[in-house]
Amino acid sequence: MPIQVLMPALSPTMEKGNLSKWLKKEGETIKSGDVIAEIETDKATMEVEATDEGTLGKILIAEGTADVPVNTPIATILADGESAADLAKVSAPAKQEKAAESAPAAAKAEAPAPKAAPAPHVAAPDPEVPAGTEMVTQTIREALRDAMAEEMRRDADVFVMGEEVAEYQGAYKVTQGLLQEFGAKRVIDTPITEHGFAGIGVGAAMTGLKPIVEFMTFNFAMQAIDQIINSAAKTLYMSGGQMGCSIVFRGPNGAAARVAAQHSQDYASWYSNIPGLKVVAPFSAADYKGLLKAAIRDPNPVIFLENEMLYGHTGEVPKLDDFVVPIGKARIVRSGSHVTIISWSNGMSYALKAADELAKDGIEAEVIDLRTLRPMDTETIINSVKKTGRAVTVEEGWAQSGVGAEIAARIMENAFDYLDAPVARVTGKDVPMPYAANLEKLALPSAAEVVEAAKAVCYR
């Protein structure tokens, strides 16, 4: 039966794109992996690869067509033995989810048949949330937007700057609506020059303003790292406490979906190595909001590491006039007694899935969301390890000099006599991030690897 080719989602926020060019003609033979078309977005030109084999039976969207919605059929592929007469018998593939959701879906498809699921675990509310507080469901991008808007209303010195934060409403729509409410003097579009606008932000902070500098990705912050480390992080110490720098550098960090090595690096360990910086990497919508508000108010430079894969995820956020989560405090998301799993940011998605699987085999994992990497909440980690006797760290970054290595060292220094097994680390593989979707999936951690590590330290 003929197969439809759908307009792909090339990023988690893509809703439409331009079909710029067909590289195959009707009647040509198609092999799996062949590049059949080019798609343009406002960010880049991307190639569309065939996933089925046969003949290009009919092109449904002409090249040069603009604003083609994601999941629109753009062509039909005929299998061997089929002809144009079979085009009416089209079989549409399952609609492609946004790229942010495609990898987990593939992982589920390969998983063995699940056992009966345990009762869902409900985490205890943070102590800073009064009992009975009304909760609202928000996406993480909405929680971030609300945090910035609330702080901008509260303090006229707070402003936002970065590429596409104003007229375009943010590359990931995180700053949507801020320009309309606060105007162009406080929501500022910058040129594509991270070194330049990061420096302007640092200078503004040194004069008493409170900039929020958005990087389209922390991979691009490599251009600005001199401003972040040599100027923002070190000046308070070098000036003998006379010059502070209250500034937030925020944006997506780590892997996204098929954006290759130069757009996928995890910089958590880089920034958490630097005295003078605070480094925050939340997972839940509530923590994204509460910690960003805390970061904006903090007198020190804060690196606020977001994750592009999480922007569309939803969660409950307390409906409070002023919800602020303290920087430097981890959260026990799931209680357990057999093994401690420690993670942060998107690593928590692997940790929580693994904990559910481990519970089916009678292993109760205690899951800690660090939330802040510098200063690190060593006390919560150590107290948990003293209870469980075992620890597994989970991160998307590389193993060497990673945050997990630092956690393992602190456990060894403070709880060595309580350990019943060596600390295990689950990390990204030691390669630059591949572009191909199947290799990208293999380069990242998985819940299965966390389960394997946890069973290993439990000698199961």
Side-chain angles (χ1 to χ4, degrees), residues 144 147-148 151-152 154-163 165 175 185-253 265-282 291-306 324-329 344 370-378 397 401 403 406:
L144 287 167
M148 288 186 284
E151 292 304 300
M152 291 173 77
R154 176 181 174 272
D155 188 342
D157 288 336
V158 178
F159 69 97
V160 181
M161 65 189 303
E163 296 157 355
V165 299
T175 53
K185 287 188 176 181
R186 297 184 66 194
V187 185
I188 304 167
D189 277 330
T190 65
I192 306 175
T193 169
E194 286 78 11
H195 179 78
F197 67 74
I200 291 172
V202 171
M206 289 178 176
T207 66
L209 297 178
K210 297 177 181 177
I212 305 168
V213 177
E214 177 181 306
F215 294 118
M216 197 175 291
T217 160
F218 265 94
N219 293 268
F220 300 163
M222 291 279 283
Q223 306 295 326
I225 206 160
D226 179 62
Q227 303 284 11
I228 296 169
I229 294 174
N230 278 332
S231 297
K234 298 178 181 177
T235 297
L236 181 67
Y237 180 85
M238 294 177 69
S239 67
Q242 297 180 77
M243 291 181 66
C245 188
S246 179
I247 187 170
V248 176
F249 298 99
R250 52 156 295 269
N253 170 66
Q265 187 166 332
D266 184 343
Y267 290 91
S269 62
W270 283 43
Y271 290 112
S272 65
N273 182 248
I274 307 299
L277 293 178
K278 293 186 177 181
V279 183
V280 179
L291 283 164
L292 182 55
K293 286 170 68 71
I296 294 168
R297 297 181 190 185
D298 199 286
N300 301 285
V302 179
I303 304 295
F304 198 91
L305 301 175
E306 300 160 13
V324 181
V325 175
I327 291 175
K329 181 62 180 172
W344 55 94
L370 278 185
R371 305 195 291 192
T372 303
L373 304 181
R374 187 183 184 102
M376 187 179 290
D377 186 359
T378 306
S401 307
V403 178
E406 175 64 22

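Note that the numbering runs from 1 along the sequence shown for the chain.
For K210, the side chain to side chain donor-acceptor pair (under 3.5 Å) partners are D155, not counting sequence neighbours. R186 pairs by the salt bridge (Lys or Arg N to Asp or Glu O under 4.0 Å) definition with nothing, not counting sequence neighbours. Every residue meeting the side chain to side chain donor-acceptor pair (under 3.5 Å) condition with E214, not counting sequence neighbours, appears here in chain and number order: R250. Looking at residues two or more places apart in sequence or on another chain, you find no side chain to side chain donor-acceptor pair (under 3.5 Å) involving D157. Contacts of N230 classified as side chain to side chain donor-acceptor pair (under 3.5 Å), with partners at least two apart in sequence or in another chain: D226, K234. Annotation: side-chain contact (heavy atoms from CB on, under 4.5 Å) contacts of M161 (sequence neighbours excluded): F159, I188, T190, F197, I200, V213.
The closest donor-acceptor contact from the side chain of R374 to the backbone of I274 lies under 3.5 Å. Between the Q227 side chain and the A224 main chain, no donor and acceptor come within less than 3.5 Å of each other. Side-chain N or O atoms of S246 include one that pairs as donor or acceptor with a backbone N or O of D298 at under 3.5 Å. When atom types are taken as modelled, the side chain of N253 and the backbone of F218 share no donor-acceptor pair closer than 3.5 angstrom. At least one donor-acceptor pair under 3.5 Å links the side chain of D189 to the backbone N or O of V165. With hydrogens and angles ignored, the 3.5 Å screen pairs no side-chain donor or acceptor of T235 with any backbone N or O of A232.
Note that the OH atom of Y267 and the CG atom of N219 stand 4.0 Å from one another [nearest 0.5 Å]. Rounding to the nearest 0.5 angstrom, the gap separating the CD1 atom in I327 from the CG atom in D377 is 13.0 Å. For the atom pair CD (Q223) and CD1 (I192), the distance works out to 11.5 Å, reported to the nearest 0.5 Å. For the atom pair R297 CZ and E151 CD, the distance stands at 4.0 Å (nearest 0.5 Å). Taken to the nearest 0.5 Å, the CZ atom of F304 stands 5.5 Å off from the CG atom of L291. Atom-to-atom distance recorded for I303:CD1 and L277:CG is 5.0 Å, nearest 0.5 angstrom.
Between M152 and V160, some side-chain heavy-atom pair lies under the 4.5 Å cut-off. Side-chain contact between W344 and V403 is present, with at least one heavy-atom pair separated by less than 4.5 Å. Between F249 and E194 the shortest side-chain heavy-atom distance does not fall below 4.5 Å. Counting heavy atoms from C-beta on, the side chains of I228 and F215 come closer than 4.5 Å.
The two residues P211 and G201 make their nearest non-hydrogen contact at CG-O, 3.2 Å. The two atoms that bring G328 and T372 nearest to each other are N-OG1, 3.0 Å, heavy atoms only. Among all heavy-atom pairs drawn from A294 and V324, the shortest one is CB-CG1, 3.6 Å. Shortest non-hydrogen contact noted between V302 and A295 is CG1-CB, 3.7 Å. Looking at every heavy atom in both residues, A205 comes nearest to C245 through CB-SG, 3.7 Å. L373 and A268 get closest at one heavy-atom pair: CD1-CB, 3.6 Å.
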